[in-house]
Amino acid sequence: MRVVAETAERKTFTLNMGPQHPSTHGVLRVVLTLEGETIVDAQPVIGYLHRGTEKLAETKTYQQVIPLIDRLDYLACPAYNFAYCLAVEKLLGIEVPPRAKCIRVILAELARIASHLIWLGSHAMDIGAVTVFLYTFREREITYELLEMVAGVRMHQSYIVVGGVRWDLPDGFVEKLRAFLDILPSKIQEYEDLLTKNKIWKLRTVGVGVLSKEDAIAYGATGPMLRGSGVKWDIRKVYPYSGYEEYDFEIPIGEHGDTYDRYLVRMEEMRQSRRIILQALDKLPEGPIHALEGKLFFPDPEKVRGEHRDMAALIHQFKLVVEGFHPPKGEIYQSIEAPKGELGFYIVSDGSPKPYRLRIRLPSLMNLQTLPILSRGHKVADMAAIIGTLDIVLGDVDK
C-alpha cells in the first residue's frame, strides 16, 4: 500500500488486488487507486501466465495447433477448436460434411452451457451465495460426462479437427444428452429462484459495474458484456457459420448494462443453447464426419476413450499425415460467438504445412479493457462482483 497523492481535500493510495486472490479468477493483478474505500481507478495487469500460444502455433502443423487452442479458454474447449478449425478450413477452401457441422454445433452449445454454469457458480460464490456454486457444478458435471463420452477426456478434448470431427458420436450419447436437456430448464429455474429476486443478490449486482452501450462498442466488448448493454449483436446471427442460419433462437439483451443485466442475459443464453441443441439433434443427418479422408490418422476411438488417462494414447491422437495438407498462400480471418464473446483467428499461410503467422482475438482479453470503467466510483467490496461479471479466464487473457 502506497500513498500516491495527498492534498487538503483528498488522499489517494494504491492497493494491489491479486495476482494471488481467489476472486480474480486466475493470476490477474488489479492495481486499485483508492480514496478511502472508493475506487478512483482500477488498472488490470496481465501476463503472469507467459503463454505465447500464437508463436508456439507457428512452430506446429495446422492439426498440431489444436491442443494449444484447447488451453486458451479451458472451460469451453470445443468452441475454441471450432473457431480455429473453421479458420483453417476457410484457408483450405474445404467444405465440412453436414453431419460434422451438426455435431460441432451441438458441442459448441454444450460448451456454452458448461461455461455459463461455471461462471454462475463461481460468480455467485464470490459474492457469497455458496449454495449456487454447488447447484451449478452438479449440472456442470453432466456436461463433462457428455464431453468425456465423445472425446475420452473431460477437458482439452481436441475433438473438433480440421475437416470435421475426430470420431463419430458414441452409442448412448444422444440419449444421455436429451435426458440432460430435459432436466436443464428446471435446474436453471432453481438458480433463478435462489438469485433473481434475492434482495442481497440485487443489492450486490443492480447498478454495479454499469457499461453504457457507447462504451461497450468503443472498447470492443463482445458477448454477454455487449448484449448486457443493450446491443443486439451475435455472430451466430450476423455472420452465420456451420449452418446457424437454419436454427431458430433468440438473442437476449439487457437494458441497463449492469452486473444484474449480464446475469440475466447469461441465464437466458443457457436456455437458448438448449433450444439450439434440441434442433440439431432433431436434424442430425447420417453420413461422413470428415472432409479429409486419407489425409489424417486417428487411433481407434474406443481404445482411446477406454485409456484416456494414458498420456501416450492422447499424444497418439495428434499424429498427422502431412502429405497433401498444404494450404495455399494467403490470409484469412474467421470468428465465432464463443461463450465469452467474439473469438477470431487471423492466419497467414506461406504454403507450408505450418501457419506463417497466427493471431487470436480473444474475448476475455478484450472485455477486460472495460474494467476501469466498470469499477470507478464503486467500493473495494464491489470488485469481486465486477471481475466476476466479466467472466474472464486467464488462459484466454494471457495468450
Inset, instruction - Check whether any side-chain heavy atom of Ile66 sits under 4.5 Å from a side-chain heavy atom of Ile69, and report yes or no. - result: no

Inset, instruction - Indicate yes or no: does Glu58 engage Arg357 in a salt bridge with an N to O separation below 4.0 Å. - result: yes

Legend entry - For Glu95, all residues meeting side chain to side chain donor-acceptor pair (under 3.5 Å), sequence neighbours excluded: Lys101

Legend entry - Polar side-chain atom of Arg359 near backbone of Glu54 as donor-acceptor pair, under 3.5 Å: no

Inset, instruction - Please answer whether the main-chain N or O of Leu49 pairs with a side-chain N or O of Asp398 as donor and acceptor at a distance below 3.5 Å. - result: yes

Inset, instruction - Find out if a path of hydrophobic residues (ILVMFWY) with successive side-chain heavy-atom gaps under 4.5 Å connects Ile289 to Val96. - result: no

Inset, instruction - Look at the side chain of Thr53 and the backbone N and O of Lys399, then say whether any donor-acceptor pair between them is shorter than 3.5 Å. - result: yes

Legend entry - Sub-4.5 Å side-chain heavy-atom contact between Pro240 and Tyr247: no

Inset, instruction - Could you tell me whether Glu37 atom CD has more than 12 heavy atoms of other residues or ligands within 6.0 Å of it? - result: no

Inset, instruction - Consider only side-chain heavy atoms of I, L, V, M, F, W and Y, link residues closer than 4.5 Å, and tell whether Met366 and Leu72 are in one cluster. - result: no

Legend entry - Lys60 NZ: over 12 foreign heavy atoms closer than 6.0 Å: no

Inset, instruction - Start with the C-alpha gap between Asp258 and Asp261, add the side-chain angles, then the distance that decides, and say whether side chain to side chain contact (heavy atoms under 4.5 Å, CB included) holds. - result: CA-CA 5 Å; Asp258 58 8; Asp261 270 7; 3.3 Å; yes

Inset, instruction - Starting from Tyr333, walk the hydrophobic network (Ile, Leu, Val, Met, Phe, Trp, Tyr; side-chain heavy atoms closer than 4.5 Å) and list everyone else you reach, by chain and number. - result: Tyr346, Val348, Tyr356

Legend entry - Inter-residue atom distance Met125.CE - Leu134.CG, 0.5 Å rounding: 8.5 Å

Legend entry - Pair Tyr84 + Tyr80: ring centers closer than 6.0 Å: no

Legend entry - Asp382 side-chain N/O to Lys379 backbone N/O, donor-acceptor pair under 3.5 Å: yes

Inset, instruction - Compare all side-chain heavy atoms of Leu343 with those of Asp73 and state whether any distance is below 4.5 angstrom. - result: no

Inset, instruction - Go through the structure and list residues passing side chain to side chain donor-acceptor pair (under 3.5 Å) with Glu141, not counting sequence neighbours. - result: Arg154

Inset, instruction - Would you confirm whether Glu250, through its side chain, and Gln272, through its main-chain N or O, come within 3.5 Å as a donor-acceptor pair? - result: no

Legend entry - Ser364 side chain vs Asp396 backbone, donor-acceptor pair below 3.5 Å: no

Inset, instruction - Assess Arg71 against Tyr74: is NZ or CZ under 6.0 Å from the centre of the six-membered ring, and within 45 degrees of the ring's axis? - result: no

Legend entry - 4.5 Å side-chain heavy-atom contact, Val88 and Val65: no

Inset, instruction - Kindly check if the number of other-residue, nucleotide or ligand heavy atoms within 6.0 Å of OH (Tyr135) is above 12? - result: no

Inset, instruction - Please determine if Glu268 and Arg227 form a salt bridge, counting it only when a charged side-chain N lies under 4.0 Å from a carboxylate O. - result: no

Legend entry - Phe82-Val238 co-clustered via ILVMFWY side chain contacts under 4.5 Å: yes

Inset, instruction - Please confirm whether the backbone N or O of Val162 pairs with a side-chain atom of His290, one donor and one acceptor, at under 3.5 Å? - result: yes

Inset, instruction - Return the set of residues passing side chain to side chain donor-acceptor pair (under 3.5 Å) with Thr136 (not counting sequence neighbours), or none when no residue passes. - result: none

Inset, instruction - Check whether the side chains of Gln64 and Thr61 place a donor and an acceptor atom closer than 3.5 Å, and report yes or no. - result: yes

Legend entry - Under 3.5 Å donor-acceptor, Arg166 side chain and Ser158 backbone: yes

Inset, instruction - Using side-chain contact (heavy atoms from CB on, under 4.5 Å) as the criterion, list what pairs up with Pro285, not counting sequence neighbours. - result: Pro98, Arg99, Cys102

Could you pull out every donor-acceptor pair under 3.5 Å between side chains of residues 176-186 and any protein atom, sequence neighbours left out?
from, atom 1, to, atom 2, distance (Å)
Lys176, NZ, Glu145, OE1, 3.3
Arg178, NH2, Asp282, OD1, 2.9
Ser186, OG, Ile183, O, 2.7

Legend entry - For Val265, the rest of its hydrophobic cluster, which grows through side-chain links under 4.5 angstrom: none

Inset, instruction - Answer whether the closest heavy-atom distance between the side chains of Ile387 and Asp126 falls below 4.5 Å. - result: no

Inset, instruction - Treating Ile, Leu, Val, Met, Phe, Trp and Tyr as nodes and any side-chain heavy-atom pair under 4.5 angstrom as an edge, say whether Leu203 and Leu195 lie in one connected cluster. - result: no

Inset, instruction - Specify whether Tyr263 and Trp201 have parallel, tilted or perpendicular ring planes, treating 30° as the upper limit for parallel and 60° as the lower limit for perpendicular. - result: perpendicular

Inset, instruction - List in chain and number order the residues that pass salt bridge (Lys or Arg N to Asp or Glu O under 4.0 Å) with Lys202, two or more places apart in sequence or in another chain; answer none if no residue qualifies. - result: none

Inset, instruction - Would you sort out whether Asn16 and Leu32 count as a side chain to side chain contact (heavy atoms under 4.5 Å, CB included), showing the intermediate values? - result: CA-CA 6 Å; Asn16 279 306; Leu32 298 173; over 6 Å; no

Legend entry - Residue list, side-chain contact (heavy atoms from CB on, under 4.5 Å) with Ala87, at least two apart or on another chain: Ile332, Gln334, Phe345, Ile347

Legend entry - Backbone of Leu390 reached by a side-chain donor or acceptor of Asn367 within 3.5 Å: no

Which pairs of donor and acceptor atoms, one on a side chain in residues 206-220, lie under 3.5 Å apart (sequence neighbours left out)?
from, atom 1, to, atom 2, distance (Å)
Ser212, OG, Asp215, N, 3.1
Ser212, OG, Asp215, OD2, 3.3

Legend entry - Joint cluster assignment, Leu264 & Ile251, ILVMFWY side-chain distance < 4.5 Å: no

Legend entry - Lys283 NZ: over 12 foreign heavy atoms closer than 6.0 Å: yes

Inset, instruction - Show your working on side chain to side chain contact (heavy atoms under 4.5 Å, CB included) between Met383 and Val30 and close with a plain yes or no. - result: CA-CA 10 Å; Met383 279 304 296; Val30 183; 4.1 Å; yes

Inset, instruction - Ignoring hydrogens and angles, state whether a donor on the side chain of Tyr191 or Glu139 is under 3.5 Å from an acceptor on the partner side chain. - result: yes

Inset, instruction - Take Glu269 and Arg236, measure what salt bridge (charged side-chain N to carboxylate O under 4.0 Å, His left out) needs, and give me the verdict at the end. - result: CA-CA 13 Å; Glu269 282 191 1; Arg236 294 171 296 175; 5.3 Å; no

Inset, instruction - Would you check if Arg138 and Glu190 make a side-chain contact, meaning some heavy-atom pair closer than 4.5 Å? - result: yes

Inset, instruction - Would you check if Tyr159 and Ile103 make a side-chain contact, meaning some heavy-atom pair closer than 4.5 Å? - result: yes

Legend entry - Residue pair Ser242 / Arg104, side-chain donor-acceptor N/O under 3.5 Å: no

Inset, instruction - Using side chain to side chain donor-acceptor pair (under 3.5 Å) as the criterion, list what pairs up with Asn81, not counting sequence neighbours. - result: Asp70

Inset, instruction - Using the side chain to side chain contact (heavy atoms under 4.5 Å, CB included) rule, pick out the option among Met225, Arg266, His123 that qualifies with Asp391. - result: Arg266

Inset, instruction - Determine, stepwise, if the pair Leu368 / Leu28 fulfils side chain to side chain contact (heavy atoms under 4.5 Å, CB included). - result: CA-CA 10 Å; Leu368 187 59; Leu28 171 68; 4.0 Å; yes

Legend entry - Arg112 side chain vs Ala338 backbone, donor-acceptor pair below 3.5 Å: yes

Legend entry - Hydrophobic cluster partners of Leu68 (side-chain heavy atoms under 4.5 Å): Leu56

